[in-house]
Amino acid sequence: VTIHAEYTHAPASADDAIRVLDGLRTRGPLVHCMTNIVVAGFTANVLLAVGASPAMVENAEESADFAAVADAVLVNLGTLSPHKVTAMRLAVDAAGRAGTPWVLDPVAVGALAYRTGFAAELLAGRPAVIRGNPSEILSLAGVADAAGRGVDSTTDSGTALERAAALAQAKGTTVAVSGATDYITDGARVLEVSTGHEMMTRVTGVGCALGALVAASCAVEESPLVAATAATTILTVAAEVAVERSIGPGSFAVALLDALYTLDETTIREHLRVAS
Amino acid sequence: VTIHAEYTHAPASADDAIRVLDGLRTRGPLVHCMTNIVVAGFTANVLLAVGASPAMVENAEESADFAAVADAVLVNLGTLSPHKVTAMRLAVDAAGRAGTPWVLDPVAVGALAYRTGFAAELLAGRPAVIRGNPSEILSLAGVADAAGRGVDSTTDSGTALERAAALAQAKGTTVAVSGATDYITDGARVLEVSTGHEMMTRVTGVGCALGALVAASCAVEESPLVAATAATTILTVAAEVAVERSIGPGSFAVALLDALYTLDETTIREHLRVAS
Amino acid sequence: VTIHAEYTHAPASADDAIRVLDGLRTRGPLVHCMTNIVVAGFTANVLLAVGASPAMVENAEESADFAAVADAVLVNLGTLSPHKVTAMRLAVDAAGRAGTPWVLDPVAVGALAYRTGFAAELLAGRPAVIRGNPSEILSLAGVADAAGRGVDSTTDSGTALERAAALAQAKGTTVAVSGATDYITDGARVLEVSTGHEMMTRVTGVGCALGALVAASCAVEESPLVAATAATTILTVAAEVAVERSIGPGSFAVALLDALYTLDETTIREHLRVAS
């Protein structure tokens with residue numbers, strides 16, 4: 001992919017991933033997850049595997065209170081309802097007032113008008129990071145006809161990068177575009193993660209769990225750009241380890257949780273060396 | 001079981017299952033799943049394992065839009081709510097207008113009045129296939145006191161066959177009755193699937209995932225009778241493979257996803273030969 | 001931990017656990033689970049692994065009807081909504097009228113005002129057992145500032161024991177406090193379960209599944225104190241077996257279901273002997 005000259009461009013740092021993983025394990029951040037019914041269990045298990053403390057609180061009666069005490073908030077638009085939309089609004093407001101970092105995962109935005117409008121509204125609440133697939137990011141950035149196919153992207157991450165950087169700059173946020181290569185940008189810099197495996201797309205919720213891991217990482221690392229890149233590195237290196245120990249998507253999902261739990265510095269360094 | 005003389009009766013075809021599986025893998029149909037909170041993740045993983053593209057959209061604000069663009073729709077009554085009932089009505093209407101095949105999985109119908117009435121209403125929307133356990137199918141067919149015990153059947157599939165065939169004929173649909181032997185009928189013909197294993201009843205959502213697989217198969221095979229039989233064959237052969245590689249329901253569920261992912265023509269032919 | 005002299009105090013009985021496990025397997029109690037979206041699938045799989053028959057019915061239109069026919073009811077406050085609150089009220093009322101034992105799992109009570117108030121209200125419906133972590137039990141018992149951190153406890157089970165016993169006595173119920181050591185008390189007696197493993201806290205829903213297993217056990221054992229202790233013994237012994245066969249939380253969760261399915265008398269006796 002051609003990176004526009006105005007951005008500084010670098011590969012993901014093993015040091016950052018190692019430091020963030022250590023922060024997750026020693027500090028165990030409380031992550032308020034507002035996510036979808038498909039992936040809630042897997043998301044919680046990914047967070048627990050790295051030492052974070054997930055709690056799913058999704059009703060309008062409690063979401064603001066909880067966002068104010070959590071260390072980070074995840075807002076994933078996978079399975080919306082009017083009640084959940086209200087709860088998310090309240091949580092985003094409360095997170096803003098409390099200075100709690102929050103992450104927007106705009107699942108299937110562009111493909112369905114209701115959530116596309118809601119995602120646009122949420123952008124005003126200044127997420128620390130937006131994490132999505134290329135179609136979702138292009139749609140959020142206002143590109144017409146960028147809509148993916150259901151929850152899947154119809155374009156690649158490199159194609160979305162320029163628009164992702166412009167979106168990050170315009171909204172004062174960090175944008176993480178998932179794909180065969182992941183790009184994370186704050187509008188000035190672009191960090192690139194080349195680790196990972198196609199099997200990640202054969203298990204539901206791996207992308208959604210990445211959104212949650214980005215939120216958790218924002219609680220232990222001040223720079224959202226670094227946090228999102230470290231989270232992506234941690235998950236994709238664990239995925240490479242898991243692929244070696246599995247024969248299909250069932251055993252891969254199990255091995256991914258094990259790999260996150262046992263991931264160490266040496267493994268991260270080795271996989272990043274091979275990827276570069 | 002005694003099959004009434006008026007039906008032609010045949011075992012499942014390995015050729016059909018192989019062709020449908022190939023269709024799923026090469027075309028990756030987009031399956032709009034409206035299902036229950038218990039099995040949503042497992043259902044998505046079963047669909048991903050065979051190459052389909054699942055998306056769970058369950059709110060009244062989006063369900064009609066999505067049903068119109070999906071390749072197939074699943075309506076599973078497991079965990080209903082008034083909002084979800086509205087969303088399902090809209091999706092079924094939209095699927096009808098768009099000519100999208102949709103599958104009804106009448107979970108626990110007969111046991112609870114609210115869903116029994118709603119299922120009867122949905123029948124007017126002409127599902128391509130109804131997939132259920134014997135108690136559910138008998139209840140849908142109007143047999144009093146057929147109700148199962150919670151989500152489980154209290155009768156066997158052979159007992160329900162005559163009524164299933166009559167229901168299929170009356171409603172112009174295909175009915176798939178799950179059990180130790182699975183029967184699939186369009187009212188004129190009966191196809192029989194003898195593969196499978198009791199362990200399938202020890203993991204939540206295997207039956208529900210079959211409903212989703214039937215929906216996916218309807219997107220790549222024009223005959224609902226053939227599609228439902230092929231889906232049942234694919235899942236039950238994979239289950240036989242998985243049982244050989246597992247020691248209990250935990251490892252079975254994992255192995256089932258792996259087996260679906262790696263399933264090939266030879267394995268399907270071998271297992272059908274042994275079963276017949 | 002110092003046990004107040006007024007309570008009789010004993011370790012868990014292997015005989016009780018073996019008898020209850022046998023009851024679950026031979027009678028297959030129908031367990032009406034009203035639980036949260038994170039753990040619904042895992043909870044169902046735990047119940048299926050021991051031979052019980054789970055069904056999740058959570059809407060206000062059906063919950064009373066189903067509570068009246070189920071053998072036991074679980075009310076878990078993990079992911080509440082106004083509609084689910086109404087459904088739970090109706091289920092608890094119907095269970096009371098029908099004499100169906102029901103179990104309260106007060107997830108995150110104390111940490112959030114809405115559910116704290118609702119849990120206090122539910123106590124009037126006389127649950128057979130309350131199962132929670134120490135922070136939740138202390139909060140239910142009216143201890144100010146006992147609130148945990150999200151869904152996790154910030155205190156240990158021994159600290160909560162005196163208050164748990166007083167709560168049990170005041171409300172005419174049994175209280176099960178989960179922790180490194182589990183204490184189960186009806187206000188007069190205290191039973192203690194020392195089996196288990198820290199890995200149980202690294203998989204989402206193990207505590208919630210214990211609540212469901214307690215409910216199932218109440219359907220096959222008249223004494224809630226014995227039922228709750230047996231359920232805790234069964235799950236914690238299975239956890240010890242599973243830890244030996246796993247390398248992280250992913251494989252542990254899988255092995256836990258397998259271990260529940262294959263658990264036998266000899267294994268229960270051996271693990272209790274080592275623990276005492």
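The 12-atom threshold is not exceeded at CZ of B/Arg126, counting heavy atoms of other residues, nucleotides or ligands nearer than 6.0 Å. Around CG of A/Asp145, the count of heavy atoms belonging to other residues, nucleotides or ligands within 6.0 Å does not exceed 12. With a 6.0 Å radius and a threshold of 12 heavy atoms from other residues, nucleotides or ligands, B/Glu222 has its CD atom at or below the threshold.
Looking at A/Ser246, there are no atoms closer than 4.5 Å to chain B (heavy atoms on both sides), in backbone or side chain. For chain A, the nearby parts of B/Glu62 are the backbone and the side chain; heavy atoms of each come within less than 4.5 Å. For A/Phe42, no part lies under 4.5 angstrom from a heavy atom of chain B.
Chosen from A/Val254, A/Val203, A/Thr79, A/Val151, the residue pairing most often with chain B at heavy-atom distances under 4.5 Å is A/Val203. Comparing B/Leu260, B/Val39, B/Asp65, B/Asp258 by heavy-atom pairs within less than 4.5 Å of chain A, the highest count is held by B/Asp258. Of all the listed residues (A/Gly150, A/Ala253, A/Ser251, A/Gly205), the one sharing the greatest number of non-hydrogen pairs under 4.5 Å with chain B is A/Ser251.
Atoms CD1 and CD, from A/Ile37 and B/Glu58 in turn, are 4.0 Å apart once rounded to the nearest 0.5 Å.
Side-chain atoms of B/Asn59 and A/Ser81 form no donor-acceptor pair, as typed in the model, at a separation below 3.5 Å. If you check the side chains of A/Thr204 and B/Asn45, you find no donor sitting under 3.5 Å from an acceptor.
Electrostatic pairing of A/Arg149 and B/Asp71 counts as a salt bridge here, judged by a charged N lying under 4.0 Å from a carboxylate O.
A heavy-atom distance below 4.5 Å is not found between the side chains of A/Phe118 and B/Glu61. Within the 4.5 Å cutoff, no side-chain heavy atoms of B/Thr262 are placed close to those of A/Ile247.
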